[in-house]
Amino acid sequence: MRYVKVYSKQKAVILNKEDYKIAANYTISKLKLSIVSYILDFVVLVFWLQYGIVFLLNTFSMQTISSFGLDWLMLMSFIGLNALLHFPLNLLARKIDLDYGFNKQSMKEFLLDCVKMLFILGILLGIVFALLLWTMETIKLWWLVGFVLIFCFIVLIQLIYPTIIAPMFNNFTPLKDECLKSRIQILLERVGFKSNGIYVMDASRRDGRLNAYFGGFGNSKRVVLFDTLLEKISDDGLIAILGHELGHFKHKDISRNIVISGFILFFIFAVVGLYFKSICLYIGLQPTHGSILILAMLVLPVFSFLFMPLQSYFSRKAEYEADKFGASCASSNALREALIRLVNENKAFPYSHPAYIFFYYSHPPLLDRLKALGGLHDRN
């Protein structure tokens, strides 16, 4: 935060002076929220370890249900209560986005989205937890089978998200601009990316930020463009941005990320399966299957943080190569202008502390990306 404050008083780059200051203030507001979030996470962690897990265990133990039912109810209650405890953070994040002109949802729409998401997660996690608990009860090396189960679940989500989950929150219509559609099709054919369509998402009714993505696997793959992106980016810039994303596909970055995530997930399951029963006993928790899984979910952010610098490093390297490919699909200038436009519209501050970048940035700072593309545009 101090680093951003210092640079916010220096000469503006990329953004004009007014937007440069707004971007710095927005970044600081988000960082303050993240600090509040970490403090809340710590308080919630202590609450669950000292009281929460025992409370759930004692509450459901009084019911005439099987051990499987007890563990399942514990896990689902944990997810629901944890979501409720963190809900104020969602309200704070919404307020910040409202203050800076991003969020366009009414409170009613916001709450409806939260309910729908909780409902979807409840169904999916309810099924996954049931399968995982059954595995723990019936298979000795449950953590190995559990790893395969969760890994397959993650892949399944990638398959169904574009065609089943995402349409529950936004409308997707086929791209009508035939000229742009033709250019995108040529681009897709160039790298052998087969999709089931190019769609425009009505993102503007919820948020003012710009984005585009490729979603799904196999026959469910689709190209999704935010309507805000179509309004603010030139066709050449759009082709360059999509070319960047396709660069990840061409260089097999997506497959590599899946493999890396798989190794990390395997490591986590191995640690949980081999040591968490003993850890439960050490901290005074009854080592039921539900307690073990709740404890695992509570300490998962620690594992994630330990692996984050390594993942971020390889991700940043991949972004430079994807930029090169994106520039080759249109021009370096088109990609530079598109990236600058994205920064302006999304109020992204150009500077960040090197240590923060090391841990948290999956993309290189925009200034470095622009220099790698052969130019840096200052706007005063």
Side-chain angles (χ1 to χ4, degrees), residues 48 52-53 56-57 60 65-83 116-166 168 215-221 252-281 285-308 310-311:
W48 281 115
I53 300 176
L56 291 179
L57 190 60
F60 293 117
I65 54 177
S66 65
S67 60
F68 176 89
L70 184 149
D71 288 327
W72 188 85
L73 286 173
M74 280 184 63
L75 288 166
M76 297 306 294
S77 298
F78 168 78
I79 294 296
L81 289 171
N82 222 33
K116 283 195 290 186
M117 181 56 70
L118 194 60
F119 178 74
I120 293 168
L121 284 175
I123 293 175
L124 294 174
L125 291 178
I127 295 171
V128 169
F129 284 149
L131 292 172
L132 197 53
L133 288 171
W134 177 83
T135 302
M136 294 176 78
E137 286 190 355
T138 57
I139 301 174
K140 187 175 182 180
L141 287 177
W142 70 266
W143 58 268
L144 184 58
V145 179
F147 154 71
V148 175
L149 175 67
I150 297 301
F151 187 78
C152 290
F153 172 71
I154 293 171
V155 173
L156 175 64
I157 293 298
Q158 296 296 321
L159 282 169
I160 68 174
Y161 179 82
T163 54
I164 298 177
I165 298 177
M168 294 181 183
F217 285 130
N219 294 330
S220 72
K221 289 202 299 285
K252 303 188 184 305
D253 295 332
I254 299 171
S255 300
R256 184 162 51 247
N257 288 338
I258 291 173
V259 172
I260 292 173
S261 299
F263 276 117
I264 294 172
L265 187 65
F266 177 83
F267 173 80
I268 291 171
F269 264 89
V271 171
V272 172
L274 296 173
Y275 299 108
F276 269 47
K277 184 176 181 179
S278 299
I279 292 174
C280 281
L281 291 169
L285 280 176
Q286 185 178 340
T288 67
H289 296 148
S291 299
I292 290 171
L293 292 180
I294 289 174
L295 184 61
M297 286 186 280
L298 286 172
V299 301
L300 183 61
V302 177
F303 288 106
S304 299
F305 185 78
L306 292 174
F307 285 109
M308 195 183 298
L310 183 64
Q311 288 181 290

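All values reported here derive from a predicted model rather than from experimental measurement.
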What's the separation between atom [atom1] in [X] and atom [atom2] in [Y], rounded to the nearest 0.5 Å?
{"X": "L70", "Y": "H289", "atom1": "CG", "atom2": "NE2", "value": "11.5 Å"}
{"X": "M168", "Y": "M117", "atom1": "CE", "atom2": "CE", "value": "9.5 Å"}
{"X": "Q286", "Y": "I292", "atom1": "CD", "atom2": "CD1", "value": "10.5 Å"}
{"X": "L149", "Y": "W134", "atom1": "CG", "atom2": "CH2", "value": "10.0 Å"}
{"X": "T135", "Y": "L141", "atom1": "OG1", "atom2": "CG", "value": "12.0 Å"}

Could you tell me whether the side chain of [Y] reaches within less than 4.5 Å of the side chain of [X], counting heavy atoms only?
{"X": "I127", "Y": "F153", "value": "no"}
{"X": "F78", "Y": "W48", "value": "yes"}
{"X": "L75", "Y": "L133", "value": "yes"}
{"X": "M136", "Y": "L293", "value": "yes"}
{"X": "M297", "Y": "N82", "value": "no"}
{"X": "L81", "Y": "L56", "value": "yes"}
{"X": "I157", "Y": "L124", "value": "yes"}

If you draw a 6.0 Å radius around NZ in K116, do more than 12 non-hydrogen atoms from other residues or ligands fall strictly inside?
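Count over threshold, so yes.
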If you count every heavy atom of other residues, nucleotides or ligands that lies below 6.0 Å from F68 atom CZ, does the total exceed 12?
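More than 12 within 6.0 Å, yes.
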Considering all heavy atoms, the nearest [X]-[Y] contact:
{"X": "L295", "Y": "C280", "answer": "CD2-SG, 3.8 Å"}
{"X": "D71", "Y": "G290", "answer": "OD1-N, 3.1 Å"}
{"X": "I53", "Y": "L298", "answer": "CD1-CD1, 4.2 Å"}
{"X": "I65", "Y": "L73", "answer": "CD1-CD1, 3.6 Å"}

Only one of W143, W142, F147 passes side chain to side chain contact (heavy atoms under 4.5 Å, CB included) with V272; say which it is.
W142
Take F269 and L144 through the test side chain to side chain contact (heavy atoms under 4.5 Å, CB included) and record every step on the way to the result.
CA-CA 7 Å; F269 264 89; L144 184 58; over 6 Å; no
Main chain of P287, side chain of S291: is a donor-acceptor contact present, judged purely on distance under 3.5 Å?
no
Backbone of G126 reached by a side-chain donor or acceptor of W72 within 3.5 Å:
yes
Chi angles and distances behind the side chain to side chain contact (heavy atoms under 4.5 Å, CB included) call for I258, Q158:
CA-CA 11 Å; I258 291 173; Q158 296 296 321; over 6 Å; no
